[in-house]
Amino acid sequence: MKPVTDQTPIMLKLAHKRIDSANFATLFFDYSLDFKPGQFVMIWIPGMDEKPYTISHHNKSRFGITIEAKGLFSKKAVAMEEGDLMGFRGPFGNGFHTISSSNIAVVAGGCGMAPLAPLVETLDRDIIFIHGARSKEFLLYRHRFDIQRQICTDDGSQGHKGFVTDLLEKEIINRKKTDKQPLEMVYTCGPEIMMHRVFLLCESFDIPCQVSLERYMRCGFGVCGACVCGEQVVCKDGPVFDSKRLRTMDDFNKIALLKSGKPVNMDQYFSWRCQS
Amino acid sequence: MKPVTDQTPIMLKLAHKRIDSANFATLFFDYSLDFKPGQFVMIWIPGMDEKPYTISHHNKSRFGITIEAKGLFSKKAVAMEEGDLMGFRGPFGNGFHTISSSNIAVVAGGCGMAPLAPLVETLDRDIIFIHGARSKEFLLYRHRFDIQRQICTDDGSQGHKGFVTDLLEKEIINRKKTDKQPLEMVYTCGPEIMMHRVFLLCESFDIPCQVSLERYMRCGFGVCGACVCGEQVVCKDGPVFDSKRLRTMDDFNKIALLKSGKPVNMDQYFSWRCQS
Amino acid sequence: MKFLGKNLNNPLVLASGVLGNNKEILERVHKNGCGLVTMKSIGPAPRDGHKNPTVIDLGHGMINAVGLPTPGYAHMEEEWKALEKRNFPLNASIYGGSVKEYQAVAQFVTAKNPDFIEINISCPNSEEHGMIFGVNEKSAFDVVAAVKKVIDQPLIAKLTPQAPDIAKIAKACEDAGADAICAINTAGPGMVIDIEAQMPILAFKKGGLSGPMIKPIAIRCVYDIYKAVSIPIIGLGGVTTGEDAVEMIMAGASLVGIGSGVRYRGINIFNQVNQELNSWLTTHGTTLDKIRGAAHKTNCFQESAQ
Amino acid sequence: MKFLGKNLNNPLVLASGVLGNNKEILERVHKNGCGLVTMKSIGPAPRDGHKNPTVIDLGHGMINAVGLPTPGYAHMEEEWKALEKRNFPLNASIYGGSVKEYQAVAQFVTAKNPDFIEINISCPNSEEHGMIFGVNEKSAFDVVAAVKKVIDQPLIAKLTPQAPDIAKIAKACEDAGADAICAINTAGPGMVIDIEAQMPILAFKKGGLSGPMIKPIAIRCVYDIYKAVSIPIIGLGGVTTGEDAVEMIMAGASLVGIGSGVRYRGINIFNQVNQELNSWLTTHGTTLDKIRGAAHKTNCFQESAQ
Ligand SMILES: Cc1cc2nc3c(=O)[nH]c(=O)nc-3n(C[C@H](O)[C@H](O)[C@H](O)COP(=O)(O)OP(=O)(O)OC[C@H]3O[C@@H](n4cnc5c(N)ncnc54)[C@H](O)[C@@H]3O)c2cc1C
Ligand SMILES: Cc1cc2nc3c(=O)[nH]c(=O)nc-3n(C[C@H](O)[C@H](O)[C@H](O)COP(=O)(O)OP(=O)(O)OC[C@H]3O[C@@H](n4cnc5c(N)ncnc54)[C@H](O)[C@@H]3O)c2cc1C
Ligand SMILES: Cc1cc2nc3c(=O)[nH]c(=O)nc-3n(C[C@H](O)[C@H](O)[C@H](O)COP(=O)(O)O)c2cc1C
Ligand SMILES: Cc1cc2nc3c(=O)[nH]c(=O)nc-3n(C[C@H](O)[C@H](O)[C@H](O)COP(=O)(O)O)c2cc1C
Ligand code: FES
Ligand code: FES
C-alpha cells in the first residue's frame with residue numbers, strides 16, 4: 001500500500017456496505033488511514049467524478065463514509081457493490097480541535113452526523129448530544145453511541161418537533177438557571193443555515209463553537225481556490241472553523257461559489273447543486 | 001547546507017590550500033561529508049569543467065583533496081585561492097572494503113597515495129606501507145603517518161631505486177621464508193600499469209588485493225556509461241575492485257574509453273589525456 | 001519597487017488560477033507577502049470547467065485540467081464592485097477562443113481598471129483548429145496587438161512552454177506591444193493513469209504540469225526570453241523557496257510568480273520566500289538589480305575554457 | 001515474446017545513451033533482465049560531446065547535455081567485431097545532422113546486422129537552421145523514408161516530446177515506413193542555475209530532462225501515439241517500477257524502456273521491474289496483451305457521466 005494518500009488516489013475495494021436507511025448507506029474500506037475527526041477524503045469513481053466526503057467511521061484497519069443518495073454521484077456511490085474499486089485522496093482539512101471537558105454540546109443535523117460521530121467517540125460520555133433531521137428516516141446511527149441523544153425532527157416523526165437550536169437553547173438556559181457549569185464548546189455540522197443559527201445562538205451566550213462547512217471542491221489541498229469562503233480556504237483552513245474565525249467570515253451562510261467560480265447566495269448555490 | 005550532496009553541486013569555499021610540493025597541492029573545505037575511504041567527488045570549477053577527485057583527507061568538519069597539477073583543469077584547481085568557490089557532487093563509488101588484520105600491505109604510486117591515505121589511517125599501525133613515485137618531489141604526505149613507509153623512486157632520488165612491486169615481492173617472499181603470517185590483503189592505487197603488476201604479483205602468491213581504477217567520467221553515478229571497463233561501471237561498481245572481480249575484467253590495464261566513447265589501449269588513452 | 005510604473009511591495013506574484021477566486025482571498029495573499037496578485041483567468045462566456053478529478057498532486061509537482069472555469073466577463077459586476085475598493089495591486093488575467101473574444105473580454109476588463117491585464121495565450125485558437133495561440137508567432141502577435149489596442153493598462157503576455165521556441169513567441173509579443181512577459185504556464189501536457197482503475201486519473205485525461213518538477217523548464221524559458229526581449233519578465237514555474245526566486249531572477253526575471261508552491265508551504269509561502277530572498281541578498285551583499293540576468297554573464301573561466 | 005519478428009526474453013528495453021558503451025556492459029544489462037538493449041547513438045563523425053558537467057541528478061529526475069559523443073560510425077570496427085558474437089538482441093541507435101548523414105550511418109550499421117535500427121530524430125537538422133528533425137512532420141517523414149530505403153532491419157523511430165503534436169510525427173514516421181515508434185527522448189529542455197556560481201550548471205547550459213518527473217509527459221505521448229498509429233510502441237520515460245511499466249503498457253506501449261531508472265535502482269532494475277510487472281499481472285489474473293492500451297477504453301461510468 002502506498003504510504004502517501006494525499007497525492008494520486010489509492011484504489012480500495014469496497015469491503016462492506018451497510019444500508020443505514022432509505023437514503024443513507026455507509027461504505028467501509030480496509031485501510032489504515034491517518035485521521036483526525038472532521039477531516040475528509042476525495043472519493044473518485046473512475047470515469048464519473050470525484051467528490052469530498054467526511055470520514056464517519058474509523059479504526060486502525062478500517063474506515064467508513066456515510067453517503068446520502070442525492071444526486072448522480074452519491075446515488076452511484078451508494079449503489080457500489082462489495083468488491084468494487086473506489087479511489088481515495090486524503091485525508092484533507094484541519095479536523096475538529098478537541099478540548100477535554102464534559103461541558104460540551106454536539107449538534108448534528110441530518111448527514112452532518114457523519115463528521116461528528118467519530119468526534120463524539122473521543123469525547124466524554126456525559127456531553128450534550130443533540131441530533132436533528134427532516135424526519136425519522138434521516139436519523140443516522142441509531143444504535144451507535146452509548147451516549148444519550150436528544151432527538152428532534154422537522155415533521156415530529158421522532159423526538160421533539162422542531163429545530164436543533166430549540167433544544168440547544170433550552171439546554172443553555174437550563175444550565176444558567178440550575179447553576180450548572182456553562183457549555184465550554186459546541187460542535188456542529190448540518191445544513192449551513194442550521195450551523196449559522198447555532199453560531200448566532202452561541203455568540204449571544206458567549207459560548208465558543210466549531211462548525212464544519214461545505215463548498216464545491218476540486219483540489220482538496222488549498223490551491224485551486226474553488227472552495228473559498230471569504231478569505232478562508234475551506235478545504236485547507238477548514239472545513240472546521242471556530243467562532244473567532246466565523247466572526248470574520250462575511251460569506252458564512254451567505255455566499256458560495258458555483259463550479260464556474262461565480263459567487264451566489266446560499267439559495268442559488270443549493271438550487272444549482274439540485275440541478276442534476 | 002544541503003543534506004544531499006550527490007545531486008546538484010554544493011558550492012564550497014576553499015578554506016585552506018596547502019602546497020605539498022611543486023606539483024601537488026591539497027585543498028581543504030569545511031563541510032561535514034559522509035565518506036568512506038576510496039570514494040570520490042566530482043569537482044566543478046564553474047565555466048570550466050567538472051572532474052573526479054578522490055578524498056584524501058577527512059574529518060567530521062573538513063575534507064581535503066590532493067591534486068596533481070597536470071592539465072588545464074588540475075592547474076586551474078591548484079591555482080584557486082582561499083575563499084574561492086568550487087562545486088562538489090558526491091561522494092560517489094564504493095570505497096575500499098576494509099578487513100581487520102595487521103597482515104596487510106598498502107601500495108601507493110604517486111598521486112595514488114590520495115585515496116589510500118584516509119584508508120591507512122583506519123588500519124593497524126603495523127601494516128606494510130609501500131610508497132613509490134617518479135622522484136622525491138612526487139612523494140606525498142611526508143609527515144602524515146606514524147606508520148613506517150618503504151619508499152622507492154624511479155630515479156632513486158629517495159629510497160629504493162625501482163618499482164613498488166620490487167618491495168612488495170621482497171616482503172611477500174620474506175614472510176614465506178621467516179614463517180611470518182602471509183599477507184591477507186593488498187590495497188593499491190597508482191598508475192594502472194603499476195596496479196596491474198601488483199595484481200599479477202598477488203595472484204601468483206594467492207593474496208587478495210583491491211585496486212582503485214580511473215576512467216573518464218561524466219555522471220559519476222552509473223548512468224552515462226562513459227567510465228565502463230568491460231562490464232564494470234567504474235564510478236558505481238568501483239572505483240575499487242577486488243581480485244575476484246579483476247580476474248573477469250579483460251579491459252583492466254588494456255582498454256579505456258575516450259571522451260567520444262572510443263575504446264583504445266592504455267597508451268593511447270594516456271596520450272589523449274596529455275593533449276591539452 | 002516599481003514595475004511598469006506601479007509600486008509593488010516586493011517582487012512576488014500570485015499565479016493565475018491559484019486561489020484568486022474572490023477579493024478577500026486575493027487580499028489575504030497580498031497581506032501574506034505577495035506584491036502582485038493575479039485573478040483566475042476571465043473568459044468570454046460562463047464555463048464550469050471539467051469534471052473532477054481536476055487537480056492531483058504528484059509529490060514533486062502537480063497535474064491539472066481544471067478547464068478554465070469562469071463566470072464569464074459579463075457576469076462579474078459584483079466581484080468588480082468589491083475589487084474597486086481594493087488596497088492592493090491587481091493583475092487581471094483574461095482568455096478567449098478567438099482574437100475577437102480576447103478583445104471583448106479585454107474591453108470589459110479594462111474599464112474595471114485593474115493595474116495590469118495579463119493575457120493567457122495558452123488557449124486553443126478556435127479559428128485555427130484548436131492550435132494553441134501561444135505556440136505560433138503569428139497568432140501570438142495578432143492577439144496581443146488586438147488586445148493592446150483596446151486596453152489602458154500595461155499588457156502582460158503569459159506564454160506556454162509548449163511553444164517550439166518560446167523566445168520567438170516572446171519577441172512577437174513584444175513587437176505587438178506587450179509591456180511584459182509572464183512565463184511559464186503549465187508544462188507538458190502530461191497524463192497519469194491509475195493502473196487499478198485502468199484509466200487516466202484526470203477526468204479530462206491530460207493536464208498541465210506545475211510545481212518543482214517544471215522549474216528547470218521555466219528557468220530555461222526565462223533565460224531564453226531574457227536574451228530575446230527587452231521588456232521585463234515575470235518568471236513563474238516551480239518556485240517554492242527564496243533560492244528558487246534567486247535562480248529565476250538570475251535567469252532574467254524581474255518579478256517571480258508562485259502558484260503550486262502554495263500547496264507545499266501554504267499561503268504564507270510569500271512571506272517565507274520574501275524573507276529567504278532578502279536574507280540571501282543581504283548575506284551576499286547584493287541587490288535584485290545586480291543579480292538580474294546574472295546567469296547570462298560569462299566569467300573568466302569560460303573564456304579560457306573555450 | 002515476439003517483437004517485430006524477433007524473440008525477446010521480456011518487454012524491457014535499455015534506453016539509448018545509458019550505459020550501452022561496449023559489448024560487455026550491454027551483455028550484463030541483458031543478463032540482468034533486459035529483453036532488448038540499445039547502444040549509445042552512433043553519429044556520422046567522431047565527437048567528444050560537451051564538457052562536464054553533462055549529467056546532473058535532480059532527485060526526481062535528471063538533466064543531461066552529454067552532446068551525443070560518438071566514435072563516428074566509420075571508426076567502430078572493433079566494437080562491431082565484438083558484437084558479432086553476441087548472444088542477445090541488439091538495437092542500434094543512429095543519428096545525423098542531415099538526411100544524407102543519417103543514410104550514411106544507416107548504410108554502415110545495417111551491414112553489421114543489429115536486430116533493430118533505431119533512429120534518434122531529436123537532433124538539430126543542419127539543413128533547416130538547427131530545427132530539430134523530430135518536431136516537424138515533413139523532416140521526420142523524409143529521414144525515416146531515406147533510412148528505411150537503405151536498411152535490412154526493422155526501423156524504430158525515436159521521437160522527442162518537444163514536438164507540438166507528437167502523434168502527427170508518429171503518423172508521419174509510420175507513413176514513411178517505420179516499423180515501430182520509441183517515445184520519448186528527453187523532455188524540456190531545461191536549465192538549472194547554481195545561484196552561488198551564478199551560472200547554469202551544465203556546461204552546455206541547457207539539457208534534456210529524464211527520470212520520474214517526465215513520466216506524465218511520456219505517458220501522454222504514448223497515449224496519443226497509440227491512438228494515431230498501428231505499429232508497436234516502445235514506451236520510455238521515467239519508468240522505475242513494475243507499476244510504471246504497467247502504466248506505460250496501459251497507455252499503449254508494447255515494450256517498456258528504462259534509462260535514468262538505472263540511477264535509482266542500479267542495473268538490476270531490469271530484473272526488479274520484470275518481477276514486479278509479472279507479479280502484478282499474476283495478482284490481477286491478466287496478461288500484457290490484455291492490458292495493452294487499456295486506458296483507452298471507456299467504461300460504463302464514463303458514458304453515464306457525459
Ligand atoms: C468537506 C465535505 C464533506 C462532505 N461530507 C459528506 C458526507 O459525509 N456525506 C455526504 O453524503 N455528503 C458529504 N458531502 C457532500 C458531497 O460531497 C456531495 O456534494 C453530495 O454527496 C452530493 O453529491 P451528488 O453529486 O450526489 O449531488 P449533486 O448532483 O451535486 O446534487 C443533487 C442533490 O444534492 C444536494 N446537495 C448537493 N450538494 C449539496 C451541498 N453541498 N449542500 C447541500 N445540499 C447539497 C442538493 O440539494 C440536491 O438535493 C461533503 C462535502 C464536503 C465539501
Ligand atoms: C575516481 C577518480 C579519482 C581521481 N582522484 C584524483 C586525485 O585524487 N588527484 C588527482 O590529481 N587526480 C585524480 N584523478 C584524476 C583527475 O580526475 C584528472 O583526470 C586529473 O586531475 C587530470 O586532469 P586535467 O584536466 O588537469 O588533465 P588533462 O588536461 O586531462 O591531462 C593532462 C595531463 O594529465 C595526465 N592525466 C590526465 N588524466 C590522467 C589519467 N586518468 N591517468 C593518468 N594520467 C592522466 C596526462 O598524462 C597529462 O600529463 C582521479 C580520477 C578518477 C577517475
Ligand atoms: C490549479 C491550477 C490552475 C491554473 N489556472 C490557470 C489559469 O486559469 N490561467 C493561467 O494563466 N494559468 C493557470 N495556471 C498556471 C499557473 O498560473 C502557473 O503558470 C503554473 O502553475 C506554473 O507555476 P507554478 O509551478 O508555480 O504552479 C493554473 C495552475 C494550476 C496549478
Ligand atoms: C545521460 C543520458 C544520455 C542519453 N543519450 C541518448 C542518446 O544518445 N540517444 C538517444 O536516443 N537518447 C538518449 N537519451 C535519452 C534516453 O534514451 C531516454 O529517451 C530518456 O532518458 C527518457 O527515459 P528515462 O526517463 O527512462 O531516462 C539519454 C538520456 C540520458 C539520461
Ligand atoms: S478545493 Fe482547491 S482550494 Fe479548496
Ligand atoms: S561516469 Fe557515468 S556511468 Fe560512470
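All of these numbers come straight from a predicted model, not from anything done at the bench. Residue numbering restarts at 1 for every chain, and letters A, B, ... go by the order of the sequence lines.
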Among D:Q162, D:M248, D:Q198, which residue forms the greatest number of heavy-atom pairs with chain C at distances under 4.5 Å?
->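 Of the options given, most contacts go to D:Q198.
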
Among D:K215, D:R220, D:E196, which residue forms the greatest number of heavy-atom pairs with chain C at distances under 4.5 Å?
->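 Highest number of pairs under 4.5 Å: D:R220.
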
Could you check which of [options] has the highest count of heavy-atom pairs closer than 4.5 Å to chain D?
{"options": "C:I219, C:I193, C:V222, C:L209", "value": "C:I193"}
{"options": "C:P164, C:G188, C:G59", "value": "C:G188"}
{"options": "C:M213, C:H284, C:E247", "value": "C:E247"}

Around D:F204, counting heavy atoms of other residues, nucleotides and ligands shown, do more than 12 lie under 6.0 Å from its CZ?
->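 Atom CZ in D:F204 is not crowded, with 12 or fewer foreign heavy atoms closer than 6.0 Å.
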
Check whether [X] gets within reach of chain D through its side chain, its backbone, both or neither, counting any heavy atom under 4.5 Å.
{"X": "C:L58", "value": "side chain"}
{"X": "C:I217", "value": "both"}
{"X": "C:D165", "value": "neither"}
{"X": "C:V192", "value": "both"}

D:K205 side, atom NZ; C:Y223 side, atom OH - distance, nearest 0.5 Å =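 Spacing of NZ (D:K205) from OH (C:Y223) equals 4.5 Å.
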
